[in-house]
Amino acid sequence: MSKVLIYAEIKAGKIKKSAFELASEGRKLADSLGGDLGAVLIGPGSEQFAPELAKFGVDTVYSIESPELENYNSEYFAQALTHLIDDTKPEIVLMSHTMQGKDLAPRTAAKLGSGVMSDCVSFRLEGSTLIGKRPMFAGKCFAEWSVSASPQIATARPNVLETAEVPKSGAITKVSFSVDTSRSTYSTKDLSLDTSGKVDLTEAEIIVSGGRGMGGPDYTLLEEMAGIFGSRATVGASRAAVDAGWRKHSDQVGQTGKTVTPNLYIACGISGSIQHLAGMGSSKVIVAINKDPEAPIFTKADYGIVGDLFKIVPEFNKELKAILAE
Amino acid sequence: MKSLVCLKQVPDTETQIKVNGDGSGIVTDGIKYVINPYDEFSVEEALRLKEKFKAGEVVILTIGPDRCVEAIRTALAMGADRGVHVCDDSVNNGDPFVMAQTLAAASSGLEYDIIFCGHRAIDDDFAETGAMLAEMLKIPQITLVTKIDVSQDKKTVTCERDIEGGKEIVECALPCVVTSQKGLNEPRYASLPGIMKAKKKPVAKKTVADLGLAPASKLQGNNYTMPSVRQAGKKFEGLEPQEAAKVVVQALRSEAKVI
Ligand SMILES: Cc1cc2nc3c(=O)[nH]c(=O)nc-3n(C[C@H](O)[C@H](O)[C@H](O)COP(=O)(O)OP(=O)(O)OC[C@H]3O[C@@H](n4cnc5c(N)ncnc54)[C@H](O)[C@@H]3O)c2cc1C
Ligand SMILES: Nc1ncnc2c1ncn2[C@@H]1O[C@H](COP(=O)(O)O)[C@@H](O)[C@H]1O
């Protein structure tokens with residue numbers, strides 16, 4: 001029986017990187033508690049991913065493959081997860097704070113009569129109590145949380161916890177479970193994923209963001225920069241750019257958009273309002289390009305360039321191309 | 001079309017958050033409170049549904065201290081019909097499980113086709129209450145919704161929802177819980193006549209005992225801290241664009257080691 005259980009999310013036929021982050025963290029917690037680390041995979045054929053999880057320290061992989069679990073849906077997945085947790089009684093359950101995690105974790109917790117500390121950026125143990133540090137007010141402050149019910153459920157922010165390879169057996173346990181389809185749920189009609197195949201802002205390692213200073217909907221320069229970095233980069237925007245209709249709502253970074261924690265955040269033509277800074281202030285490295293030397297973004301930027309972005313970004317892209325080709 | 005809108009009052013996004021002396025929470029003096037922006041989208045959408053079906057009701061459910069009446073009145077001024085205010089110190093800690101339990105209890109006895117929550121409250125940032133509420137009421141949830149289309153017979157709803165890298169379209173039977181995401185709509189402002197009318201609209205004040213609840217928190221939060229202060233780094237001014245770009249790109253590789 002695993003003391004720590006992680007939920008490994010599968011998306012578009014692949015395990016999400018955030019699942020390996022959970023496994024690495026889960027491994028450390030399981031070692032401290034002196035127990036096993038389990039991972040649960042949901043969906044037909046999901047057991048194929050067991051070897052990948054084993055690499056990151058998972059002792060036991062539970063796969064629940066009922067045919068009704070082919071497509072994600074909150075009620076059925078929550079039933080499956082609840083079943084496994086009731087059965088194996090882990091002390092700690094870790095999930096990712098992804099779109100799916102936000103949908104699934106609280107529903108599962110409500111079924112189990114427990115709570116979720118969501119969007120944690122670090123964990124520690126106090127005895128057998130899991131303490132999760134989580135940003136609040138989109139990062140304007142932090143607090144340490146714990147769950148006083150069983151199991152202790154937490155979701156972790158993607159891209160923050162370190163991965164570490166620790167080979168373990170990853171032995172597969174198939175779990176048979178029949179979904180109660182009498183409970184009403186939704187059905188997916190159309191999954192119109194972006195064809196560009198770009199990572200989501202919340203999962204990107206590098207974000208190139210443009211604000212009102214872009215002057216219009218033409219973001220070619222920034223798309224180009226993200227393109228140079230490749231699939232780990234994506235383009236974001238300030239609310240001013242979104243409200244002007246230049247960018248999609250889902251591109252907005254900030255307190256009322258997405259809170260992001262990339263390794264590198266490049267802000268172009270963004271002044272650095274309190275709401276914007278809240279959402280990206282915990283990026284590891286911030287670069288700002290702005291023509292106003294007094295722009296507040298410079299007080300947070302590790303590297304600032306004062307000047308016209310339309311002159312600087314093309315040069316920046318050239319330099320990037322050269323250095324990344326080395 | 002009858003909607004319940006779960007509405008939280010939160011500090012204005014302009015607020016500079018400060019942690020109190022013993023780290024048990026934030027300093028609340030002088031904070032200006034507003035409706036959680038996502039809950040504003042919910043109010044707007046509920047009003048549009050009522051207008052579309054030319055019948056129905058929009059009821060606001062709020063848990064929180066006395067000051068929250070202001071937020072309820074603002075929603076009533078936008079056009080909502082009445083409010084239920086659960087005002088009780090025992091449920092002021094914002095624990096999503098307790099919020100969901102209390103909202104579920106407050107909704108019993110009310111008629112509804114749909115329940116709106118915000119996808120997250122921008123103070124505690126839990127993003128949990130909607131899904132927990134749906135589970136407690138044993139109805140489906142559709143989270144992170146940017147478009148809502150209710151069928152003429154009011155039996156089903158089709159929603160567009162955000163997923164990583166795109167959108168998906170899902171359909172479900174009503175009643176259900178939807179959680180509002182930015183992009184759903186542009187909330188209206190309260191009109192002057194709306195503000196006048198709102199003063200006469202009913203707001204029922206309830207305690208937890210009235211709802212037959214004895215809620216127990218599932219979460220404890222403490223050791224509040226401020227983020228590490230980011231120091232301004234290097235600022236390059238007056239360099240030629242090519243030179244500035246070169247210096248920074250090189251620093252990103254050799255100094256910051258992020259590329
Ligand atoms: C309730 C509420 C919630 C909000 N939530 C968010 C949120 O989540 N995210 C968010 O971003 N904002 C949010 N805002 C808006 C926020 O207050 C700011 O208005 C917004 O962030 C400003 O965007 P900006 O920096 O792109 O525009 P501006 O503040 O107008 O800044 C534009 C910058 O571009 C620079 N510039 C112009 N031309 C050039 C050029 N050619 N080259 C280089 N630099 C140039 C200017 O010097 C200026 O600094 C919110 C506001 C409210 C009221
Ligand atoms: N105190 C409250 N009163 C009414 N609704 C609430 C309250 N707390 C949370 N909610 C609802 O739940 C949503 C998500 O909140 P949270 O789970 O705290 O991020 C909010 O947008 C509201 O719709």
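Remember, it's a predicted structure, so these values are computed and weren't measured experimentally. Proteins get letters first, then strands, A, B, ... in listed order; numbering begins at 1 in each.
For the residue pair A/Ser96 / A/Ser18, a side-chain donor-acceptor distance below 3.5 Å is found, with atom types taken as modelled.
Cation-pi geometry between B/Arg67 and B/Tyr33 is met: under 6.0 angstrom from the ring centre, within 45 degrees of the axis. Geometrically, A/Arg107 does not engage A/Phe77 in a cation-pi contact defined by less than 6.0 Å to the ring centre and at most 45° from the axis.
In this structure, chain B has heavy atoms under 4.5 Å from both the backbone and the side chain of A/Ile323. Neither the backbone nor the side chain of A/Gln152 has a heavy atom closer than 4.5 Å to any heavy atom of chain B. Of the two parts of A/Ser148, the backbone and the side chain both hold a non-hydrogen atom closer than 4.5 Å to a non-hydrogen atom of chain B. Both the backbone and the side chain of A/Thr98 come within less than 4.5 Å of a heavy atom in chain B. Both the backbone and the side chain of A/Val285 have a heavy atom closer than 4.5 Å to some heavy atom of chain B. For A/Glu144, the parts lying near chain B are the backbone and the side chain together; criterion is any non-hydrogen pair under 4.5 Å.
B/Ile122 places a side-chain heavy atom less than 4.5 Å from the side chain of B/Tyr38.
Every residue meeting the side-chain contact (heavy atoms from CB on, under 4.5 Å) condition with A/Asn263, not counting sequence neighbours, appears here in chain and number order: A/Glu205, A/Lys284, B/Val258.
Within residues 291-298 of chain A, the residues having any heavy atom under 4.5 Å from a heavy atom of chain B are, by residue number, A/Pro293, A/Phe298.
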